[in-house]
Student: 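One structure, pasted below without further comment.
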Amino acid sequence: MELFIDPDADRSVTRQLYEQIRDAILSGRLGPGERLTPSRAVAAELGIARSTVTDAYESLAAEGYIEGRAGGGTAVTGGHGPYPQSPSPGALAPTPRSAALQRYDDDPQAEAAFDLRPGRVDPDLFPAVVWRRCLLSGLRRTSAQYGDPVGAFDLRAALSRWLTSSRGITLTPEQMVVTAGTGHAIDLVARVLLSPGDVVGVEEPGYPPVRELLRSHGVDAVGVPVDEHGIVVDAIPAGTRLVYVTPSHQYPLGVVLSRRRRLELLHWAGRHGAAIVEDDYDSEFRHTTRPLEPLHRLDRDGRVIYVGTFSKILSPALRMGFMVAPMTLVPAIIAVRQAIDWCPPSAAQEALTVFVDGGHLGRHLRRVRAAYTPRFHRIHRELLDRLPAGYRPLPAHAGLHLAVVGPDTASQDDPAHTLLRHGVLVASLRRSYQDPGPVTGFLVGFGALPTEQTAAAVDTLATGLTALTGR
């Protein structure tokens with residue numbers, strides 16, 4: 001541990017060293033068996049006499065805090081703590097704007113018999129062996145210097161080719177920005193396009209983290225209703241500068257933005273000089289129908305910013321995503337990105353480049369689709385058959401979750417809380433609304449649920465709902 005001395009203190013240097021080491025032992029910062037730095041090295045580091053250090057060590061040994069070990073060296077003895085210590089509250093306070101923000105997932109590491117939260121992926125499907133080879137290959141190619149703020153050119157080129165073939169999007173590598181995920185991409189957009197007080201239209205219900213992120217910038221995130229055809233374009237408020245949508249698989253309800261609404265939204269943006277963020281977070285997983293054309297493909301004016309992530313395709317642990325931006329925004333994005341964190345991590349970029357260019361991404365997607373689609377059909381069928389009266393899953397065609405709504409007469413308690421007590425983790429539908437009213441429902445994710453556990457999971461879920469309704 002690092003030791004410090006204050007030459008102006010009213011205590012001797014020996015006493016200062018003694019108290020620092022004793023306090024570290026009592027607080028648990030130095031645990032039983034940990035070796036202390038040799039006295040000669042401490043004396044040289046601090047520029048003091050070695051005898052000063054040995055005097056402090058002898059006092060600690062005399063009180064049983066440390067002991068000499070056979071073969072040399074001094075180590076901490078056991079039985080001294082750590083004693084619980086409460087951190088000081090601190091004198092600083094967040095701004096009212098940041099203090100008003102709410103977390104979406106209060107405990108991301110929570111565990112239960114069945115984890116049915118949306119956005120969870122099956123870790124067993126991660127191509128660990130292939131990724132390890134790509135990472136080692138990438139490390140050999142990684143530069144020791146800072147990189148391009150928008151990402152390595154080779155990766156941007158690889159992602160551009162992949163999007164062109166998989167989404168039919170026309171773009172150049174210069175439009176591609178490598179990000180740390182969807183939230184990071186939207187944060188960059190907000191920084192270069194929005195000012196405090198601007199109005200942004202977000203889906204109602206919608207994805208709470210994006211709503212909170214926008215509010216952290218002082219933006220007025222106004223909810224725009226969603227019906228069976230997607231966002232209601234006619235309900236977008238006047239003066240809106242940007243609209244955030246999830247057209248391929250609306251979060252959380254699962255509806256697909258109809259082609260007619262897509263064209264209406266593009267025409268609206270053109271008339272009002274507004275931007276659109278198209279969050280295509282899990283359209284790779286289509287289970288029943290063919291996908292509609294991305295908004296970006298239909299855009300003729302350069303108003304759509306296309307955002308994607310590898311959190312569902314590969315793993316959220318990678319923290320990798322991308323954004324396709326109009327060229328008019330790229331210089332500002334470069335400057336902002338460099339000011340925030342300079343550039344994406346080079347090793348991960350090189351590994352992903354090898355993964356995409358080597359054809360591994362395409363093979364991986366075929367594998368995970370073959371796993372997730374049967375899970376989708378199985379859990380949808382089980383929910384229809386086993387849920388208590390009044391509860392039903394909403395129609396869906398894609399993604400890794402289903403929305404379940406309950407009867408209007410259901411308890412006003414949030415089902416997510418009751419289900420957790422029964423050993424099932426789900427996400428609250430109510431928290432997806434800015435004005436939830438009497439909404440009763442929850443989101444069921446099936447990505448991390450093995451197919452053979454589906455019936456047991458839904459049975460447990462149904463038992464919890466029965467207890468909630470008192471039937």
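Given the structure is predicted, the values throughout are model-derived calculations rather than measurements.
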Student: Looking at R259 and E293, does any basic side-chain N land under 4.0 Å from a carboxylate oxygen?
Tutor: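 Yes, R259 and E293 are salt-bridged.
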Student: Return the minimal non-hydrogen interatomic distance between P294 and R262, and the atom names on each side.
Tutor: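 Nearest pair, atom of P294 first, then R262: CA-NH1, 4.0 Å.
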Student: More than 12 heavy atoms of other residues, nucleotides or ligands under 6.0 Å from OH of Y306: is that the case?
Tutor: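 Enclosed.
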Student: Determine the minimum heavy-atom distance between L159 and F322, stating which atoms define it.
Tutor: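 For L159 versus F322, the nearest heavy atoms are CD1-CB, 4.2 Å.
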Student: Do you know which two heavy atoms are closest between R141 and T353, and how far apart they sit?
Tutor: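 Looks like NH2-CG2, 4.1 Å.
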Student: Less than 3.5 Å apart, any donor N or O on the side chain of S27 or R29 sitting next to an acceptor on the other?
Tutor: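 Short answer, yes.
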Student: Would a distance-only check, ignoring hydrogens and angles, find a side-chain to backbone donor-acceptor pair under 3.5 Å from R300 to L298?
Tutor: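 Yes; judged by distance alone, with no hydrogens or angles, the pair exists.
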Student: Do L116 and L425 come within less than 4.5 Å of each other through their side chains, counting heavy atoms only?
Tutor: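 Counting from C-beta outward, L116 and L425 never come under 4.5 Å.
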Student: For T179 and G181, indicate whether the former's side chain and the latter's backbone hold a donor-acceptor pair under 3.5 Å.
Tutor: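 Here the side-chain-to-backbone pair exists.
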Student: Counting C-beta onward and ignoring hydrogens, is there a side-chain heavy-atom pair between R337 and P344 closer than 4.5 Å?
Tutor: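 When only atoms from C-beta onward are counted, P344 and R337 do touch, with a gap below 4.5 Å.
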Student: So does R161 pair up with D357, basic N to acidic O under 4.0 Å?
Tutor: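 Result for this pair is yes, salt bridge flagged.
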Student: Are there over 12 heavy-atom neighbours, none belonging to E111, within less than 6.0 Å of that residue's CD?
Tutor: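 Check fails, neighbour count at 12 or below.
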Student: Can you tell me if H217 and D187 form a side-chain donor-acceptor pair at under 3.5 Å?
Tutor: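 A donor-acceptor contact under 3.5 Å links the two side chains.
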Student: Given side chains that start at C-beta, do those of T170 and T164 come closer than 4.5 Å, heavy atoms only?
Tutor: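 Not touching, per the 4.5 Å side-chain cut-off.
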Student: I'd like to know if D385 and R381 make a salt bridge, using a cut-off of under 4.0 Å between side-chain N and carboxylate O.
Tutor: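 Here D385 does not pair with R381 in a salt bridge, since their nearest N and O are not under 4.0 Å apart.
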Student: Do you see a donor-acceptor pair shorter than 3.5 Å between the side chains of T95 and S98?
Tutor: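 The answer is yes; a qualifying pair exists.
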Student: So which atom in H287 and which in G399 form the shortest heavy-atom distance, rounded to 0.1 Å?
Tutor: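 Residues H287 and G399, closest heavy atoms: NE2-O, 2.8 Å.
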Student: With distance as the sole test, does E203 use its side chain to make a donor-acceptor pair with the main-chain N or O of V226 at under 3.5 Å?
Tutor: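 A pair under 3.5 Å: no.
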Student: Would you sort out whether H249 and H401 count as a ring-ring contact (aromatic ring centres under 6.0 Å, His included), showing the intermediate values?
Tutor: CA-CA 10 Å; H249 180 228; H401 79 268; 5.0 Å; yes
Student: At what distance, to the nearest 0.5 angstrom, does CD of Q453 lie from CZ of R378?
Tutor: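 Reported to 0.5 Å precision, the distance equals 11.0 Å.
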Student: Side chains of H397 and V255: does their closest heavy-atom pair fall under 4.5 Å?
Tutor: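 No, their side chains stay 4.5 Å or more apart.
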Student: Hey, is CZ on R260 packed in by over 12 heavy atoms from elsewhere, all under 6.0 Å?
Tutor: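 Not more than 12 within 6.0 Å, no.
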Student: H364 vs F355 aromatic rings, parallel, tilted or perpendicular, using cut-offs 30° and 60°?
Tutor: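 Geometry flag for F355 against H364: perpendicular rings.
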Student: Is atom CZ of R392 surrounded by more than 12 heavy atoms (other residues, nucleotides or ligands) closer than 6.0 Å?
Tutor: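 No.
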Student: Should the pair Y391 and F442 be assigned to parallel (<30°), tilted (30 to 60°) or perpendicular (>60°) ring geometry?
Tutor: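 Tilted: the ring planes of Y391 and F442 meet at 30° to 60°.
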Student: Does the side chain of R261 come under 3.5 Å of the side chain of S258 through a donor N or O and an acceptor N or O?
Tutor: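 Note: R261 and S258 side chains miss the donor-acceptor criterion.
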Student: Find out whether S160 and T172 are in side-chain contact, i.e. whether some heavy atom of one side chain is under 4.5 Å from a heavy atom of the other.
Tutor: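 With C-beta onward as the side chain, the pair stays apart.
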Student: Verify whether the ring centers belonging to W131 and F310 lie closer than 6.0 Å.
Tutor: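 Not close enough - the centres of the two rings lie 6.0 Å or further apart.
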Student: Is a side-chain N or O of T373 found less than 3.5 angstrom from the main chain of A370, in a donor-acceptor match?
Tutor: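 Judged by distance alone, no pair lies under 3.5 Å.
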Student: Can any side-chain N or O of T463 pair as donor or acceptor with the backbone N or O of D459 at less than 3.5 Å?
Tutor: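 Checked: pair present.
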Student: Do M176 and V324 have side-chain heavy atoms sitting under 4.5 Å apart?
Tutor: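 They are in contact (side-chain heavy atoms under 4.5 Å apart), so the answer is yes.
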Student: When you look at E350 and L139, which way does the side chain to side chain contact (heavy atoms under 4.5 Å, CB included) test go after all the steps?
Tutor: CA-CA 7 Å; E350 293 290 356; L139 285 171; over 6 Å; no
Student: Checking side-chain polar atoms at under 3.5 Å, does S428 have a donor or acceptor matched by the opposite partner on D414?
Tutor: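 On atom types as modelled, these side chains qualify, holding a pair under 3.5 Å.
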Student: CG of L383 to CG of L402: how many Å apart, nearest 0.5 Å?
Tutor: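 Going from the CG atom of L383 to the CG atom of L402 covers 6.5 Å.
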Student: Under a 4.5 Å cut-off applied to non-hydrogen side-chain atoms, are L163 and L171 in contact?
Tutor: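 Sidechains of L171 and L163: in contact.
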Student: Testing the basics here: between L443 and V426, what is the closest heavy-atom pair and its distance to 0.1 Å?
Tutor: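 Scanning both residues, the minimum pair turns out to be O-CB, 3.4 Å.
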Student: Can we say D122 and R375 salt-bridge, meaning some charged N sits less than 4.0 Å from an Asp/Glu carboxylate O?
Tutor: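 Looking at D122 and R375, the cut-off is met.
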Student: Got a second to check how far I313's CD1 is from D282's CG, nearest 0.5 Å?
Tutor: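 Rounded to the nearest 0.5 Å, the CD1-CG separation comes to 9.5 Å.
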Student: At their closest point, which heavy atom of T460 faces which heavy atom of H422, and how far apart are they?
Tutor: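 Closest heavy-atom pair between T460 and H422: CG2-O, 3.2 Å.
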Student: Y244 vs R211, test: side-chain hydrogen bond (donor to acceptor under 3.5 Å, both in side chains). Steps then yes/no.
Tutor: CA-CA 9 Å; Y244 167 81; R211 189 170 65 221; over 6 Å; no
Student: Any donor-acceptor pair under 3.5 Å linking the side chain of R156 with the backbone of G151?
Tutor: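 Indeed, once roles are kept as given, a pair shorter than 3.5 Å links the two residues.
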Student: Report yes or no: does S137 contribute a side-chain atom to a donor-acceptor pair with the main-chain N or O of R133 at less than 3.5 Å?
Tutor: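 It does not hold such a pair.
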Student: Under the side chain to side chain contact (heavy atoms under 4.5 Å, CB included) criterion, do V404 and L394 qualify, and how do the steps go?
Tutor: CA-CA 6 Å; V404 174; L394 296 180; over 6 Å; no
Student: May I ask you to test the V243-V277 pair for a side-chain heavy-atom distance under 4.5 Å?
Tutor: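 The answer is no; the side chains never approach within 4.5 Å.
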Student: Between R431 and Y104, is there a donor-acceptor pair closer than 3.5 Å when you use the side chain of the first and the backbone of the second?
Tutor: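 The answer is yes, because a donor-acceptor pair under 3.5 Å joins these two groups.
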Student: State whether K312 and D280 are salt-bridged, where the test is any N-O pair (Lys NZ or Arg NE/NH1/NH2 against Asp/Glu carboxylate O) under 4.0 Å.
Tutor: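 So K312 does not pair with D280 through a salt bridge.
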Student: Spell out, as yes or no, whether a donor-acceptor pair under 3.5 Å connects the side chain of D299 to the backbone of G302.
Tutor: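 Yes; judged by distance alone, with no hydrogens or angles, the pair exists.
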Student: Begin from the C-alpha positions of S283 and R167 and carry the test side chain to side chain contact (heavy atoms under 4.5 Å, CB included) through to its verdict.
Tutor: CA-CA 10 Å; S283 71; R167 305 287 200 283; 3.6 Å; yes
Student: Looking at Q250 and L257, would you say the former's side chain and the latter's main chain have a donor-acceptor pair under 3.5 Å?
Tutor: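 A pair under 3.5 Å: no.
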